[in-house]
Amino acid sequence: MKAMVMDRITDLSRDEEPLRLAELPYPAAGAGQILIKVSVCGVCHTELDEIEGRTPPPRLPVVPGHQVVGRVIERGPGTDAFTPGDRVGIAWIYSACGKCRFCLEGNENLCPEFQATGRDADGGYAEYMAVPQAFAHRIPDTLSDAEAAPLLCAGAIGYRSLRLAALRDGESLGLTGFGASAHLVLKMARLIYPSSPVFVFARSEREQEFARELGAVWVGDTEDTAPMKLRSIIDTTPVWKPVMEALRSLDNGGRLVVNAIRKEDVDKETLLTLDYPSHLWMEKEIKSVANVTRRDVREFLQLAAEAGIQPEVQDYPLEDANRALVELRLGKIRGAKVLVME
Ligand SMILES: [Zn+2]
Ligand SMILES: [Zn+2]
């Protein structure tokens, strides 16, 4: 089968072809697993983190990609949850132990044995992939393959970050960064918290305009000051300066939710400008978001289907994965990028 394979850690500012087109053997559906013919796979910022070594795969080569939509074509021993032809989605959570304290509490995203799709196991930048049936999700009929794919990561993790923001309807929400995840969070927030004003901090004019179209009451640059202090802010940027700016914008007792798997080091020295009275005092909180649980994925897919949440997508053929990654890194083209198999 055809796959785009990651076989090295590299620097994307100098290397525009980090992945290699390869011919790989068909994956086998092991015990408890199903084999999926991939139809669409979303392209995520986390792939940049893997390629540049911020969250390196434990072994190389690996097939990246963790927003996978496809159809079941084969069942491994001991599987009966799906029948061939069923449409399923695979998210970042590829497996967890099911036995530890975190798994038993419903926080399987924190499991020490958490395995990530496309990092710890081969993912969806390929024609086929195998996955434990327990970690495959049915896709509601109202969503097309290309619409569903970005929802599996950006959408599900956005849903989790909005849950962690612990907002009540009417309370103000800020979003700093306005990429694939944030634009879905804005749509969700408008739905779940219809009376909450949403403030968006984004650097590019295109993103700002998009936020306005989606109903943000105020839009500014990352360094601008919102007209009021905010109850919760969700940060989806890859860097640190927006974190410091967001802390300054938080209301007393407010919470900053950092939705990033890793942060880049480029502007890390900004953290040294931390001014305790203005950034943290008055019981401000910072909480990170780590991965997603199956519950986040399933609840969000349902919500997206009921509410008609559909991401704007830009598609690329599998062979153009490198171009999609480079454009993602440069912040080109709004909305979510997906690879479409033939
Ligand atoms: Zn992702
Ligand atoms: Zn566990």
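Side chains are part of it too, since the values below use all heavy atoms of this structure and drop only hydrogens, waters and symmetry mates. Keep in mind the model is a prediction, meaning the values are calculated, not measured. Note that ligands are numbered from 1 as they come in the structure, with each ligand's atoms numbered from 1 the same way. Throughout, residue positions are numbered sequentially from 1 according to the sequence presented.
Ring geometry for His66 against Trp92 counts as perpendicular: the plane angle is over 60°, on a 0 to 90° scale with 30° as the lower cut.
You'll find the ring centres of Tyr128 and Tyr26 inside the 6.0 Å limit. Between Trp218 and Phe201, a ring centre-to-centre spacing shorter than 6.0 Å is recorded.
Screening Arg54, Arg262, Arg119, Lys263 for a side chain to side chain donor-acceptor pair (under 3.5 Å) involving Asp49 leaves a single residue, Arg54.
The SG atom of Cys97, the Zn ion (ligand 2) and the SG atom of Cys103 define an angle of 120° (nearest 10 degrees). Seen from the Zn ion (ligand 1), atom NE2 of His66 and atom SG of Cys153 lie 110° apart in angle, a value rounded to 10°. Expressed to the nearest 10°, the angle at the Zn ion (ligand 2) joining SG in Cys100 with SG in Cys111 is 110°.
Using a cut-off of 2.8 Å, one finds that His45 contributes no N/O/S atom close to the Zn ion (ligand 1).
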